[in-house]
Structure formats: structure tokens, C-alpha cells
Number of protein chains: 2
Amino acid sequence: MQYYFAMDKSYYIAALRLLQSADQVRDRLSGDFASIHGLSVNEFFFLMHLERAPLHRLSRVELAKRLHVNASTVTRMAAPMEKTGLVSRQTDDRDARLSFVVLSKAGHKKLLEANKTFTKQAGYVFQDRWKEKELEQLSNLLHRLVADAPGDLSRDDP
Amino acid sequence: MQYYFAMDKSYYIAALRLLQSADQVRDRLSGDFASIHGLSVNEFFFLMHLERAPLHRLSRVELAKRLHVNASTVTRMAAPMEKTGLVSRQTDDRDARLSFVVLSKAGHKKLLEANKTFTKQAGYVFQDRWKEKELEQLSNLLHRLVADAPGDLSRDDP
DNA sequence: GCATAATGCTTGCGTTTGCAAGCATATCGC
DNA sequence: GCGATATGCTTGCAAACGCAAGCATTATGC
């Protein structure tokens with residue numbers, strides 16, 4: 001393959017590895033999430049974004065942007081989670097178009113449990129392959145990709 | 001959130017950022033791939049795995065493993081790509097169960113074009129955010145996640 | 001103010017995908 | 001060799017998702 005700029009090959013390889021690594025991790029997570037918590041990986045992130053948002057709530061379009069999915073998908077994801085009580089619906093007095101998705105107490109609890117599974121699986125992936133220092137390097141480098149967006153879930157808890 | 005082991009938080013954050021970063025990159029790619037080449041990101045990887053395989057061919061289950069999808073998905077992905085001539089079908093004389101997916105000349109050409117788009121989009125993501133040295137660090141660290149599996153697409157061309 | 005545009009959300013429809021069952025073929029145990 | 005099991009692939013069905021259209025509400029231009 002030919003590259004036009006000196007760093008093109010580096011871009012190419014880094015992006016390839018990023019995507020392949022993430023696929024692998026996501027694959028590992030989905031099994032445990034489904035069997036232990038009855039959640040999909042996307043539902044996990046759904047709850048994560050709410051947890052980190054002010055008042056534990058977000059509008060559906062904002063949630064859609066952060067999850068990189070269509071707004072209609074948020075509508076349809078929220079429905080069953082309302083039924084099981086993980087989230088609730090809230091309207092805005094000033095703007096009747098808005099309908100927030102709000103994380104409930106049960107949703108918060110569910111998220112805490114899922115976080116344990118997430119950490120456990122992340123451990124399986126990373127441990128023995130990286131030293132602490134290297135892992136921090138990796139984290140810091142990756143952070144530049146997500147730090148700009150408002151949907152960065154990895155910032156320190158306030 | 002509580003962590004049980006010293007490095008748990010590092011695992012947690014690294015995995016979060018990895019998944020979020022990949023989602024973002026994949027999102028960027030999908031638009032151009034669809035409009036310019038008529039490919040999905042998954043179809044791109046589909047062709048990539050064939051390109052890198054001996055004889056430019058793989059069985060459907062092997063392809064499924066590498067793409068982290070169900071075998072039935074490979075069957076259904078291959079069908080339209082056979083029609084458009086990007087891949088062809090090949091049976092094994094010794095084992096009649098096997099049916100390989102083979103990359104065609106047209107598929108190879110399509111892949112070369114798509115690779116340009118891939119590199120361009122990867123450049124948008126990485127340039128100005130990383131120096132060459134940092135990018136290599138990132139690549140090397142991520143490589144440990146994919147190097148074990150037979151589906152590593154990022155090794156140097158033979 | 002009022003027509004026009006923009007925004008937020010939902011719904012219908014088609015596509016993509018996973019799961020489970022089924023079929024054909026190959027391998028294993030004896 | 002031959003039944004039992006495993007493997008590779010495909011198909012029916014249902015769930016998940018994007019796109020486009022539609023409705024309600026708000027913002028904008030004049």
C-alpha cells in the first residue's frame with residue numbers, strides 16, 4: 001500500500017488497531033452484561049451517560065449524540081428501561097418539546113453492579129499485558145480522542 | 001465508585017476510553033465508506049481479512065471469528081458481495097462442508113480505494129493531536145490486544 | 001405578530017444482526 | 001465399519017437499528 005504523507009501509515013495502523021481492540025473488548029463485555037445484568041453494552045453506556053450528567057438526566061437527542069446512535073434508537077431503548085424502572089421520563093416546563101431521560105435509584109444501583117463486571121472484564125483484558133505505567137500512557141493518549149466531546153465518561157468523579 | 005484492586009481504576013478508565021474512542025472513529029468512517037465506496041465498515045474489515053489471508057481466502061466460520069460476528073452474518077454479508085463481484089465462493093475438495101470466501105480482483109481494487117479513505121479519516125482523527133512518537137506508542141500499546149489473535153490486520157505486509 | 005424555519009421526539013418501514021434449529025459432511029470411539 | 005458426536009454452513013424468526021416522514025413546539029426574520 002502506498003502512503004501520501006509520512007505519517008499516513010502510522011494513522012492507518014493506529015486506527016486499525018483501535019477498532020480491532022475495541023471490538024474485542026466489546027465482545028467480551030456483552031456476554032457478561034447480558035447474562036448477569038440483563039443489559040446490552042449500549043444500555044450500559046446509556047446509563048453511564050445519565051449518571052455523569054447534571055441532575056442525572058439528559059434529553060434524548062443529547063443522549064443520541066453521545067451514544068453515536070439515531071434519536072429513534074434512544075426512544076426505543078428508553079421504553080423498556082422505563083418499564084423496568086431503571087429510568088424515568090421528565091418534561092421541561094419551558095420547552096414542551098423536551099423530554100428528559102432521568103436515571104432512577106434502581107438505575108443507579110444497576111449501574112454500580114454493572115461497573116463491577118465492567119472492571120472485571122477490563123482487568124482480564126489488560127492485566128499481565130501492561131504495567132501500570134503503560135496503562136496510564138494508553139489512557140492518556142486515548143483521552144485526547146474523547147476529551148473534547150461532552151460525552152467523555154472517563155473524567156474523574158466530581 | 002469503589003475498586004478492589006489497586007489497578008482496577010486504571011483498567012476501568014482505559015477500557016472506557018478505548019470503547020468511546022473506537023465508537024467515534026467508526027462513526028466517522030461509516031459516512032465516507034457508505035457514500036464513496038458503498039461499503040459498511042464491517043464490509044471493509046471483511047475484505048481486509050481476506051486480503052491478509054493466505055490465498056486471499058477464508059472459511060466463513062474463521063471470518064466470523066475475526067469479525068466478532070455470528071456465522072450467519074458472514075453468510076448474509078457474503079451474498080451481496082458475491083453478486084457485485086467483490087468476492088467469490090470456493091469449495092474444498094477434501095472437506096465438502098467448507099466453502100471459502102475468496103477476494104476477487106475487483107474486491108482487491110475496491111479495498112485499495114477504501115484504504116485511502118480509511119487513511120484520510122484516520123488522519124483527521126489523529127493529526128494535530130499526536131506527535132509521531134506518541135502515535136507509535138499508542139499503536140504499540142494497542143497492538144498487545146490484537147497481536148495474539150490470528151485476525152491482526154495491522155501487521156506489516158509480507 | 002405572523003409566516004417560515006428549526007428543533008425534539010416518535011412511528012413506519014426496510015436492513016442488519018444474533019440465536020436456535022436444521023441439514024450435510026467429517027471425525028471419533030469402539 | 002458404524003453409531004455418536006462435532007463441525008461448517010444456511011434459514012426462520014425476532015430484536016436492534018437507521019432513515020425518512022410526520023407531528024408538536026419553539027425560534028427567527030421581517
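Chain identifiers are assigned alphabetically (A, B, ...) following the order of the sequence lines, protein sequences preceding nucleic acid strands; residue numbering begins at 1 within each chain.
Looking at the side chain of R97(A), the nearest of the listed nucleotides dT10(D), dG18(D), dG8(C) is dG8(C). Set against dT10(D), dC17(D), dT17(C), the side chain of N42(B) has dT17(C) as its closest nucleotide.
Taking atom CG on L67(B) and atom P on dG18(C), their separation rounds to 10 Å, with Å as the unit. Nucleotide dC9(C) holds its P atom 15 Å from the CE atom of M77(A), rounded to whole Å. If you measure from atom CD of E62(B) to atom C1' of dT7(D), you get 14 Å, rounded to the nearest angstrom. We find that CG of D95(B) is positioned 10 Å from P of dT25(C), with the value rounded to whole Å. The interatomic distance linking L63(A) (CG) with dT10(C) (P) rounds to 12 Å, in whole Å. Here dT25(D) presents its C1' atom at 16 Å from CZ of R60(A), a figure rounded to the nearest Å. Between L39(A) atom CG and dA16(D) atom P the separation is 12 Å, expressed in whole Å. Protein atom CG of L98(A) is 13 Å distant from nucleotide atom P of dT25(D), rounded to whole Å.
For the pair R76(A) and F100(A), nearest-nucleotide mapping onto DNA chain C gives the more 5' position to F100(A). Place R94(A) and E43(A) on DNA chain D by their nearest nucleotides, and E43(A) ends up nearer the 5' end. Looking at which nucleotide of DNA chain D each of H68(A) and V61(B) is closest to, the 5′-most match is held by V61(B).
Within the 4.0 Å cut-off from OP1 or OP2 of dT10(D), at least one side-chain nitrogen or oxygen of R89(B) is found. For S59(B) and dG8(D), the shortest distance from a side-chain N or O to OP1 or OP2 is not below 4.0 Å. Put simply, N70(B) has a side-chain N or O that comes within less than 4.0 Å of OP1 or OP2 on dC19(C). For dA16(D), the OP1/OP2 oxygens have no side-chain nitrogen or oxygen of T73(A) closer than 4.0 Å.
Under the 4.5 Å side-chain criterion, counting only non-hydrogen atoms from C-beta, R17(A) is in contact with I13(A).
At a cut-off of 3.5 Å, with distance as the only test, no side-chain donor of H68(A) or Q24(B) sits close to an acceptor on the other residue.
Nearest heavy-atom pair, L58(A) versus E62(A), reported as atom, atom and distance to 0.1 Å: CD2-CG, 3.8 Å. Scanning all heavy atoms of the two residues, the minimum distance from A106(B) to G85(B) falls at CB-O, 3.7 Å.
Side-chain atoms of S72(A) stay outside donor-acceptor range of the base of dC17(D), with no qualifying N/O pair under 3.5 Å.
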Checklist entry - Are D152(B) and H143(B) close enough, and set up right, to give a side chain to side chain donor-acceptor pair (under 3.5 Å), and what steps lead you there? => result CA-CA 9 Å; D152(B) 176 21; H143(B) 195 207; 2.8 Å; yes
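If you check every strand for non-hydrogen atoms under 4.0 Å, S99(B) touches sugar and phosphate atoms only. Looking at heavy-atom distances under 4.0 Å, V74(B) makes no contact with the nucleic acid at all.
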